[in-house]
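Single-structure report; data block below.
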Amino acid sequence: KKSAESAMLKLALNGVYGDSNNQFSVFYDPLYTMTITLNGQLLLCLLAEGLMHIDGLKLIQVNTDGLTVRVPRQNKWLVDIARGAWQARTGLNLEEAIYQVMMIRDVNNYIAQYTDGSVKRKGAYEYKLGWHQNAGGLVIPKVAEKVLIEGTPIRETVENWPEMMDFMQRTKVPRSSYLQWGDDQVQNITRYYISKAGKPLNKWMPPLKNKTEWRKIGVESGWNVQVCNDLKDIGPPVDYEYYINEIEKLTLGLA
């Protein structure tokens, strides 16, 4: 019960903080936003500075709410001492997570495996999404995880992937615009997958101010797609090269 109450309180506080930088919110207060942000960043810098004195420690990343380090096991006790000193000085409590492996594309996109075997995914590697998020192309992060964690081959895994829905992508345009698939206009929220036997998919956007020409923007420019708003339209073979290319962007140089 206490844990649930803490989670609800954290969610409420995070919501207020987020709205403090929203000019349309009753909580709008940029000074409050910057005070929290800058103080948080300075406190993290203070922690990083203290840790960097530890022999053999390497600072991997520093984000808005935490940092990641790699340290020789025999010096882990020094990390604990620095952590305790920081907590005593700031009055804040740190949470700790220990990974057995971590692969980072950049500070906001990474995948890590805890010592108990469970996996943490961030950004482009996340595939357990909320209902409001775009769950398109899930085969890409799912296979990327298998490549990085299990060492599976990319091409063989993609070509034998059993779930067709994981290849599906989604695009949408507002009512002022429209989507054109080949010569046909399709609905403004459209599901598709990449297929050599498909056709180009383009967004047509209204002219900019003081302009008269409509703007044409390619969806998956350079690739043909099969529109699949009705599952009965599944048929043309998947163009695996597209998905392999995207997976390579998440794995090459990291595995």
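Basis for what follows: all heavy atoms, side chains included, without hydrogens, waters or symmetry-related copies.
Here the closest non-hydrogen pair linking L67 and L44 is CD2-O, 4.0 Å. Of all heavy-atom pairs spanning Q169 and G137, the tightest one is OE1-N, 3.1 Å. Closest of all the heavy-atom pairs between C228 and M168 is SG-CE, 3.6 Å. When all heavy atoms are compared, the tightest approach of I154 to T251 is CD1-OG1, 3.6 Å. Nearest heavy atom pair, residue V107 against residue Q61, reads O-OE1, 3.4 Å. The heavy-atom pair separating E126 from L129 by the smallest distance is CG-CD2, 3.7 Å.
For R191 (side chain) and V227 (main-chain N/O), no donor-acceptor pair under 3.5 Å exists by modelled atom type. Checked by atom type and distance alone, the side chain of T33 pairs as donor or acceptor with a backbone atom of D29 at under 3.5 Å. T157 places no side-chain N or O within 3.5 Å of a backbone atom of T152 that could act as its donor or acceptor partner. Under the 3.5 Å distance criterion, the side-chain polar atoms of W86 are left unmatched by any main-chain donor or acceptor of L92. Checked by atom type and distance alone, the side chain of Q100 never pairs as donor or acceptor with a backbone atom of Q113 at under 3.5 Å.
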Side-chain donor-acceptor distances from residues 192-199 under 3.5 Å, at least two apart:
from, atom 1, to, atom 2, distance (Å)
Y192, OH, E220, OE2, 2.7
Y193, OH, G235, N, 3.2
Y193, OH, P236, O, 2.7
S195, OG, A197, N, 3.2
S195, OG, P237, O, 2.7

Could you go through the side chain to side chain contact (heavy atoms under 4.5 Å, CB included) check for M164 and V238 one step at a time?
CA-CA 9 Å; M164 182 61 193; V238 173; 3.6 Å; yes
Go through the steps to decide whether L179 and Q187 satisfy the test side chain to side chain contact (heavy atoms under 4.5 Å, CB included), and finish with yes or no.
CA-CA 7 Å; L179 285 168; Q187 64 190 47; over 6 Å; no
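Between N108 and K122, every side-chain heavy-atom pair lies at or beyond the 4.5 Å cut-off. With a 4.5 Å cut-off on side-chain heavy atoms, S177 and P206 count as touching. By the 4.5 Å heavy-atom criterion applied to side chains, N75 and D55 are counted as neighbours. At least one side-chain heavy atom of L201 sits under 4.5 Å from a side-chain heavy atom of V186. In this structure, M165 and L231 have side chains that are in contact, with non-hydrogen atoms separated by less than 4.5 Å. Side-chain atoms of P200 and V225, non-hydrogen and from C-beta on, never get closer than 4.5 Å to each other.
Residue Q226 holds its CD atom at 9.0 Å from CD1 of I234, rounded to the nearest 0.5 Å. Between I247 atom CD1 and L148 atom CG the span is 10.5 Å, to the nearest 0.5 Å. To the nearest 0.5 Å, atoms OG1 (T68) and CD1 (I104) are separated by 6.0 Å. Atom-to-atom distance recorded for L31:CG and T35:OG1 is 4.0 Å, nearest 0.5 angstrom. Taken from CG in L43 to CG in L94, the straight-line distance is 10.0 Å, to the nearest 0.5 Å. I60 contributes atom CD1, which lies 8.0 Å from atom CE of M102 (distance to the nearest 0.5 angstrom).
For R70, the salt bridge (Lys or Arg N to Asp or Glu O under 4.0 Å) test picks out no residue, with sequence neighbours left out. Contacts of Y243 classified as ring pair (Phe, Tyr, Trp, His ring centres under 6.0 Å), with partners at least two apart in sequence or in another chain: F167. Partners of R170 according to the side chain to side chain donor-acceptor pair (under 3.5 Å) rule, which considers only residues two or more places apart in sequence or in another chain, do not exist here. Applying the side chain to side chain donor-acceptor pair (under 3.5 Å) rule to D106 yields the partners N109; only residues at least two apart in sequence or on another chain are considered.
I54 and L46 fall within a single hydrophobic cluster, where Ile, Leu, Val, Met, Phe, Trp and Tyr side chains are chained together by heavy-atom contacts under 4.5 Å. I140 and I149 fall within a single hydrophobic cluster, where Ile, Leu, Val, Met, Phe, Trp and Tyr are joined by side-chain heavy atoms under 4.5 Å apart, directly or via other members. When hydrophobic clusters are built by joining Ile, Leu, Val, Met, Phe, Trp and Tyr residues whose side-chain heavy atoms come closer than 4.5 Å, directly or via intermediates, Y99 is not grouped with I111. M103 and Y127 fall into different hydrophobic clusters, defined by Ile, Leu, Val, Met, Phe, Trp and Tyr side-chain heavy atoms under 4.5 Å apart, directly or through other members. Residue V119 is not grouped with residue L138 when hydrophobic side chains (ILVMFWY) are merged at heavy-atom distances under 4.5 angstrom, including chains of intermediate members.
A salt bridge is absent between K142 and E163: the closest approach of a Lys/Arg side-chain nitrogen to an acidic carboxylate oxygen does not fall below 4.0 angstrom. A salt bridge links E241 with R155; the closest basic N to acidic carboxylate O contact falls under 4.0 Å.
By the 6.0 Å contact criterion, CH2 on W214 is enclosed, its count of non-hydrogen atoms from other residues, nucleotides or ligands being greater than 12. Environment of CD in E213: sparse, with no more than 12 heavy atoms of neighbouring residues, nucleotides or ligands closer than 6.0 Å. Within 6.0 Å of atom CD in E49, 12 or fewer heavy atoms from other residues, nucleotides or ligands are found, so the atom counts as exposed in its surroundings. Applying the 6.0 Å contact sphere to NZ of K172 captures no more than 12 heavy atoms from other residues, nucleotides or ligands.
Pairs passing the side-chain hydrogen bond (donor to acceptor under 3.5 Å, both in side chains) check and including a residue from residues 202-212, sequence neighbours excluded, read Q180-W204.
Using modelled atom types and a 3.5 Å distance limit, the side chains of W223 and D239 yield no donor-acceptor pair.
The side-chain hydrogen bond (donor to acceptor under 3.5 Å, both in side chains) test with K120 singles out one residue from Y125, Y114, Y110, and that residue is Y110.
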